[in-house]
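Some notes on the structure that comes next.
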Amino acid sequence: MKVPNMIDAKKRHQNKINYTNYNNDIDKFGNNRKFYVRTYGCQMNEHDSEKIRGMLLNAGFIPSEDINDADIIILNTCAIRENAHDKVFGFLGVLKHMKKTNKELIVGITGCMAQEEVVINNILNKYKHVDFVIGTNHLDRLLPVLKEKIDTKKRQIEVLSYEGDVVENIPVNRDSKYSAWVDIIYGCDKFCTYCIVPYTRGTQRSRRHEDIVNEVKELVKDGYKEVTLLGQNVNAYGKDLYKDYTLANLLNDVADTGIERLRFVTSHPWDFTDEMVDVISNRDNVMPYIHLPLQSGSNKILKLMNRRYTTEEYLKLYRQIREKVKDSSITTDIIVGFPGETEEDFNETLKIVNECKFDGAFTFAYSPRENTPAAKMSDTIAEEVKMDRLHRLNEVINKYSNESNRKMLNKVVKCLVTGISEKDENKVCGYTENMKLVNIKGDKSLIGKIVNVKITDTKSFSLDGEYVE
Ligand code: 5AD
Ligand code: SF4
């Protein structure tokens, strides 16, 4: 049993990345056992859960709607902030009780927490009811590990600190029939000092562009209307694999498949080139929505975060996108309370937010992650100061997202209708081209279609609208 270790996880070798194919010759050992997957964290994790379900279905397991009915429960975990951890450990407590009444229940952990040394040690010593753990870089090993657990009844911990391969053709059971996620690059080599991802997701490794394009061609054939290209830093696409093939080339090639809507997340300002901005503005099916994390408005803090850009450079890129991409929507991520952040630094953040007037933002209080460089920085900020700054920042952010939504009022816009509205079961809901959620007066037959919607009212986090012919 090998426990991951953060020093090894940091190593980056120049070894060539192995491209392999998923081995689909597996016994159907599922025997109609029921499984339940609970997902925490980002879209990458959501998509990994689609792969987990795909692999299990292929081996004859069946999905369970009700967790109490499941024979196998998998927690696909996130490690980005402490509260993500707390949720998982809290839920493991609940599962311990469930295992008391159902001795045959199998509990597994996948995702980013599985790559953390402290978490694995904790599981080994305290959470003995966890039956198997699989790291992010070898999710394709799910079935052999699960089979070993079932056959031997012994606990399986398979987590390695190695940098990872690219495994193609893992079966996927997608959540939606209209909108699909497609991985383009795994891992991250940026090493922002606050961030655990480069340790949990391994080295940056791009999928081959022909594999990506072929996957999207299949999705188009299957009737998908929208594809979102996924990566921790999609703008670095190709850097590890090609001399001169970048995200700009990939966006063009994927747009050529005829997919009606093409999106991508997440961008890093450092790798965002003029060519990429041009492709987004020139191709009609590349959607005008860019998530561009800023993290801080203070150059001192950006440097401590190892973000590799200044606020001036960020603003230049931001203005260029606003100018060139018609009707674009730009959202961001901001962290408050990073070590050393003074009131002045925080005011700089407010200043740039007031300048950019983001269409929306995810804001976070800094949360130290074990073994990252920032966790060792001494000048820490008190929790109440962090919360106060977060509160003040959110007020400004909400003002601009309201304004941004307000601008949509009375416009007729195109929406991809994705399902029944969560707010009102007599309505449907969908997303505009610039990624705003709309609750739409219209019937269920619209689901799966791109239709015209007139915006009739706006709220802070959504719009109301009605279907127009
Ligand atoms: N503390 C708080 N927020 C964090 N993020 C990443 N790491 C941390 C951390 N240690 C935020 C960043 C990132 C988003 C996904 O989560 O803003 O862009
Ligand atoms: Fe969470 Fe980051 Fe892992 Fe996604 S990649 S699950 S956000 S830690």
Side-chain angles (χ1 to χ4, degrees), residues 4 6 9 37-52 75-88 109-116 119 134-137 139 159 164 181 183 185-204 230-235 265-270 290-297 301-302 304-307 309 314 331-339 341 349 353 358 360-377 380-381 383 386-387 389-390 393-394 397:
M6 299 307 257
V37 184
R38 181 178 276 229
T39 315
Y40 302 81
C42 63
Q43 289 104 327
M44 300 277 251
N45 253 24
E46 293 283 350
H47 186 42
D48 282 348
S49 289
E50 294 183 331
K51 295 180 199 165
I52 293 174
L75 308 187
N76 192 14
T77 63
C78 170
I80 199 97
R81 282 170 292 275
E82 196 58 35
N83 56 6
H85 270 204
D86 294 347
K87 277 187 211 156
V88 170
I109 301 254
T110 59
C112 287
M113 278 173 71
Q115 290 293 150
E116 285 185 276
V119 170
I134 302 175
T136 55
N137 294 332
L139 195 58
V159 189
W181 284 308
D183 291 321
I185 181 167
Y186 305 103
C188 182
D189 286 349
K190 282 282 179 286
F191 289 103
C192 300
T193 54
Y194 51 79
C195 189
I196 197 154
V197 172
Y199 307 84
T200 60
R201 292 260 171 188
T203 199
Q204 190 171 290
L230 285 182
Q232 294 302 333
N233 170 12
V234 287
N235 301 65
V265 278
T266 287
S267 290
H268 189 301
W270 170 253
I290 295 114
H291 184 62
L292 193 68
L294 165 68
Q295 311 300 3
S296 168
I301 298 296
L302 285 176
L304 286 172
M305 287 176 161
N306 190 30
R307 287 293 287 176
Y309 55 82
Y314 183 93
T331 57
T332 199
D333 289 345
I334 296 173
I335 299 174
V336 298
F338 187 83
E341 186 189 68
T349 298
V353 168
F358 292 106
F362 298 99
T363 56
F364 311 101
Y366 168 69
S367 166
R369 309 314 300 127
E370 193 108 359
N371 288 307
T372 56
K376 296 176 195 117
M377 292 180 188
T380 55
I381 309 298
E383 268 325 292
K386 283 187 200 169
M387 288 307 140
R389 287 183 188 161
L390 192 60
L393 175 63
N394 284 342
I397 291 289

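Start at 1 and go down the list; that is how both ligands and their atoms are numbered.
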Tyr366 to ligand 1: N or O pair under 3.5 Å? no
How many angstroms lie between atom OH of Tyr366 and atom CD1 of Ile335, to the nearest 0.5 angstrom? 8.5 Å
Polar side chain donor-acceptor pair, Asn76 to Thr39, under 3.5 angstrom: no
Please find out if atom 4 (Fe) of ligand 2 and some N, O or S atom of Cys42 are separated by less than 2.8 Å. yes
Spatial distance of atom CD1 (Ile334) from atom CZ (Phe362) [nearest 0.5 Å]: 12.0 Å
Applying a 4.0 Å heavy-atom criterion (strictly less than), which segment of Tyr194 is in contact with ligand 1: side chain, backbone, both, or neither? both
Say whether, by atom type as modelled, one donor and one acceptor occur between the side chain of Thr200 and the main chain of Gln115 under 3.5 angstrom. no
Kindly say whether Tyr40 contributes a backbone atom to a donor-acceptor pair with the side chain of Asn45 at under 3.5 angstrom? yes
Give the numbers and elements of all ligand 1 atoms closer than 4.0 Å to a heavy atom of Gln295. 12 (C), 13 (C), 17 (O), 18 (O)
Could you find the nearest protein heavy atom to atom 14 (C) of ligand 1 and give me its residue, atom name and distance? Asp333 OD2, 3.5 Å
Could you say whether the N/O atoms of Arg369 and ligand 1 ever approach to under 3.5 Å? no
Please check if any side-chain donor atom of Gln295 sits under 3.5 Å from a side-chain acceptor atom of Tyr194, or the reverse. yes
For atom 3 (N) of ligand 1, grab the closest protein heavy atom and report residue, atom and distance to one decimal in Å. Arg81 NH1, 3.2 Å
If the cut-off is 4.0 Å to any non-hydrogen atom of Ile335, which atoms of ligand 1 fall inside it? 3 (N), 4 (C), 5 (N), 12 (C), 17 (O)
Spacing of Leu292 atom CG and Asn235 atom CG [to the nearest 0.5 Å]: 8.0 Å
Distance filter under 4.0 Å to Arg201 heavy atoms, resulting ligand 2 atoms: 3 (Fe), 5 (S)
Is the closest heavy-atom distance from Met44 to ligand 2 below 4.0 Å? no
Looking at Asn45, which atoms of ligand 2 are within less than 4.0 Å of one of its heavy atoms? 6 (S)
Supply the atom-to-atom distance Tyr199 OH to Arg369 CZ, rounded to the nearest 0.5 angstrom. 12.0 Å
Tell me whether atom 1 (Fe) of ligand 2 has Cys78 as a neighbour, meaning an N, O or S atom of it below 2.8 Å. yes
For atom 3 (Fe) of ligand 2, what is the nearest protein heavy atom, given as residue, atom name and distance? Cys112 SG, 2.2 Å
Nearest to atom 2 (C) of ligand 1 by heavy atom, Ala365, Ala84, Ala361, Ser296: which? Ala365
Here the gap from Gln43 atom CD to Thr266 atom OG1, rounded to the nearest 0.5 Å, amounts to 6.5 Å
Rounded to the nearest 0.5 angstrom, the OG1-CD1 distance for Thr136 and Ile134 is 11.0 Å
At the 4.0 Å heavy-atom cut-off, does Ala79 count as touching ligand 2? yes
Does Thr110 offer a backbone N or O that forms a donor-acceptor pair with the side chain of Thr77 under 3.5 Å? yes
Give me the residue, atom name and distance of the protein heavy atom closest to atom 9 (C) of ligand 1. Ser367 O, 3.6 Å
Identity and separation of the nearest protein heavy atom to atom 5 (S) of ligand 2: Gln232 NE2, 3.0 Å
Classify the contact between Ile80 and ligand 1 as side chain, backbone, both or neither, using a heavy-atom distance cut-off of under 4.0 Å. both
Which residue owns the protein heavy atom closest to atom 2 (Fe) of ligand 2, what's the atom, and how far is it? Val197 CG2, 3.1 Å
Can you tell me how the ring of Tyr314 sits relative to the ring of Tyr309, calling it parallel under 30°, perpendicular over 60° and tilted otherwise? tilted
